[in-house]
Undergrad: 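Input: one structure, supplied below.
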Amino acid sequence: MAERTFIAIKPDGVQRKLIGEIVGRFEKKGFKLVGCKLLQPSRKLAEKHYAEHKGKPFYEGLLDFITSGPVFAMVWEGKEVVSTARSLIGLTDPLKSPMNTIRGDFGISVGRNIIHGSDSVESGKREINLWFAKNEIVKSGVTIEKWIYEN
């Protein structure tokens, strides 16, 4: 099975109407969207998602922000999708992120940096399981691999 990653367009990205632009970047790269939904995360989900940050000074603000509005949650699949997605997303601080990355093109501050992406295959699995039920992930009928990857 191909690698999977969890990507979430945060409330600022949803409110700024960037969903189509961001999805398009992943599609143009050749990745397959195998799960997506628009939801307003509960505090409980946010606490589980950001558990590694509990106790840090920015934790409460992070929870307040991610639960403040709709989030577009996605599961993407493809060869080395985790590391490639991180390159597409850019650095956490949008002002230090290169242009032609999502954060470099659309973000202005760390606290409003548009998008979240899993930082490892293991994190991706954990985050996908938090945000999606197994029946919400589909096997894509798209067979683009032969047009993108060599044997």
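Hydrogens, waters and symmetry mates are skipped; everything else that's a heavy atom, side chains included, is used. Remember, it's a predicted structure, so these values are computed and weren't measured experimentally.
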Undergrad: Is I22 reachable from I108 through a run of hydrophobic residues whose side-chain heavy atoms are each under 4.5 Å from the next?
TA: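 Result: no, two separate clusters.
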
Undergrad: Can you give each donor-acceptor pair under 3.5 Å made by side-chain atoms of residues 88-99, sequence neighbours left out, with the distance rounded to 0.1 Å?
TA:
residue, atom, partner, partner atom, Å
D93, OD1, L95, N, 3.0
S97, OG, L91, N, 2.9
S97, OG, T101, OG1, 2.9

Undergrad: So, the side chain of R112 versus the backbone of P11: is there a donor-acceptor pair under 3.5 Å, distance only?
TA: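 The answer is no, because no donor-acceptor pair under 3.5 Å joins these two groups.
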
Undergrad: Would you find a donor on one side and an acceptor on the other, under 3.5 Å apart, between the side chain of S118 and the backbone of F6?
TA: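 Yes.
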
Undergrad: Between E136 and W131, is any pair of side-chain heavy atoms under 4.5 Å apart?
TA: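 SC-SC contact between E136 and W131 ruled out.
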
Undergrad: Can K10 be said to sit on top of F65's aromatic six-ring, NZ or CZ under 6.0 Å from centre and within 45° of the ring axis?
TA: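 No, K10 and F65 do not form such a contact.
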
Undergrad: Check C36 against F72 and note the closest heavy-atom contact, atom names and distance.
TA: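 C36 and F72 have their closest heavy atoms at CB-CZ, 3.8 Å.
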
Undergrad: Would you compute the distance between atom OH of Y59 and atom NZ of K54 and round it to the nearest 0.5 angstrom?
TA: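 Here the rounded value is 5.5 Å.
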
Undergrad: If you measure from NZ on K125 to CD1 on I128, what distance do you get to the nearest 0.5 Å?
TA: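 Interatomic distance, K125 NZ to I128 CD1, rounded to 0.5 Å: 9.0 Å.
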
Undergrad: Considering non-hydrogen atoms only, spot the tightest contact between T84 and K79 and give its length.
TA: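 What the structure gives for the nearest pair is OG1-O, 4.4 Å.
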
Undergrad: Report the C-alpha distance between R126 and E122 in whole Å, list the side-chain angles of each, state the deciding distance to 0.1 Å, and finish with yes or no for salt bridge (charged side-chain N to carboxylate O under 4.0 Å, His left out).
TA: CA-CA 6 Å; R126 183 185 72 80; E122 296 75 29; over 6 Å; no

Undergrad: Taking side chain to side chain donor-acceptor pair (under 3.5 Å) as the test, write out the residues that go with E47, two or more places apart.
TA: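 For E47 the side chain to side chain donor-acceptor pair (under 3.5 Å) partners, ignoring immediate neighbours, are R43.
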
Undergrad: F58, L63: one ILVMFWY side-chain cluster at the under-4.5 Å cut-off?
TA: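 Yes, F58 and L63 fall within the same hydrophobic cluster.
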
Undergrad: So which atom in T67 and which in P41 form the shortest heavy-atom distance, rounded to 0.1 Å?
TA: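 So the two residues come closest at CG2-O, 3.4 Å.
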
Undergrad: Looking at every heavy atom in both A8 and V71, which two are closest together, and how far apart are they?
TA: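 Scanning both residues completely, I find the closest heavy atoms to be CB-CG1, 3.8 Å.
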
Undergrad: For the residue pair I137 and R4, establish whether any side-chain heavy-atom pair is separated by less than 4.5 Å.
TA: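 A side-chain contact exists here, since the closest heavy-atom pair is under 4.5 Å.
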
Undergrad: Assess whether side chain to side chain contact (heavy atoms under 4.5 Å, CB included) is satisfied between M74 and V23, documenting all intermediate values.
TA: CA-CA 9 Å; M74 301 170 280; V23 168; 3.8 Å; yes

Undergrad: Transitively linked via ILVMFWY side-chain contacts under 4.5 Å: I115 with L38?
TA: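 Yes: a chain of side-chain contacts under 4.5 Å links I115 to L38.
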
Undergrad: Might you point out which heavy atoms bring F132 and A73 nearest each other, and give the distance in Å?
TA: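 Scanning both residues completely, I find the closest heavy atoms to be CZ-O, 3.5 Å.
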
Undergrad: Can you name the closest pair of heavy atoms from A2 and E77 and give their distance?
TA: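 Here A2 and E77 meet closest at CB-CG, 3.6 Å.
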
Undergrad: So H49 and I66, do their side chains get closer than 4.5 Å, heavy atoms only?
TA: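 SC-SC contact between I66 and H49 ruled out.
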
Undergrad: Taking V82's backbone N and O only, do any of them form a donor-acceptor pair with E3's side chain (distance below 3.5 Å, no angle check)?
TA: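 Checked: pair present.
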
Undergrad: I need the K29 NZ to S87 OG distance, nearest 0.5 Å.
TA: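 Spacing of NZ (K29) from OG (S87) equals 8.0 Å.
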
Undergrad: How many angstroms lie between atom CD1 of I7 and atom CZ of R25, to the nearest 0.5 angstrom?
TA: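 So the gap between those two atoms works out to 13.0 Å.
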
Undergrad: Spell out, yes or no, whether L18 and V110 are grouped together once hydrophobic residues are joined by side-chain heavy atoms under 4.5 Å, including indirect joins.
TA: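 Different clusters.
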
Undergrad: About how many Å separate CZ of R103 and CG of N113, when rounded to the nearest 0.5 Å?
TA: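 Interatomic distance, N113 CG to R103 CZ, rounded to 0.5 Å: 4.0 Å.
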
Undergrad: Taking only residues two or more places apart in sequence or in another chain, which ones pass ring-ring contact (aromatic ring centres under 6.0 Å, His included) with F26?
TA: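 F26 satisfies ring-ring contact (aromatic ring centres under 6.0 Å, His included) with W76 once adjacent residues are dropped.
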
Undergrad: Nearest 0.5 angstrom please: D119 CG to S83 OG, how far?
TA: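 OG of S83 is found 12.0 Å from CG of D119.
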
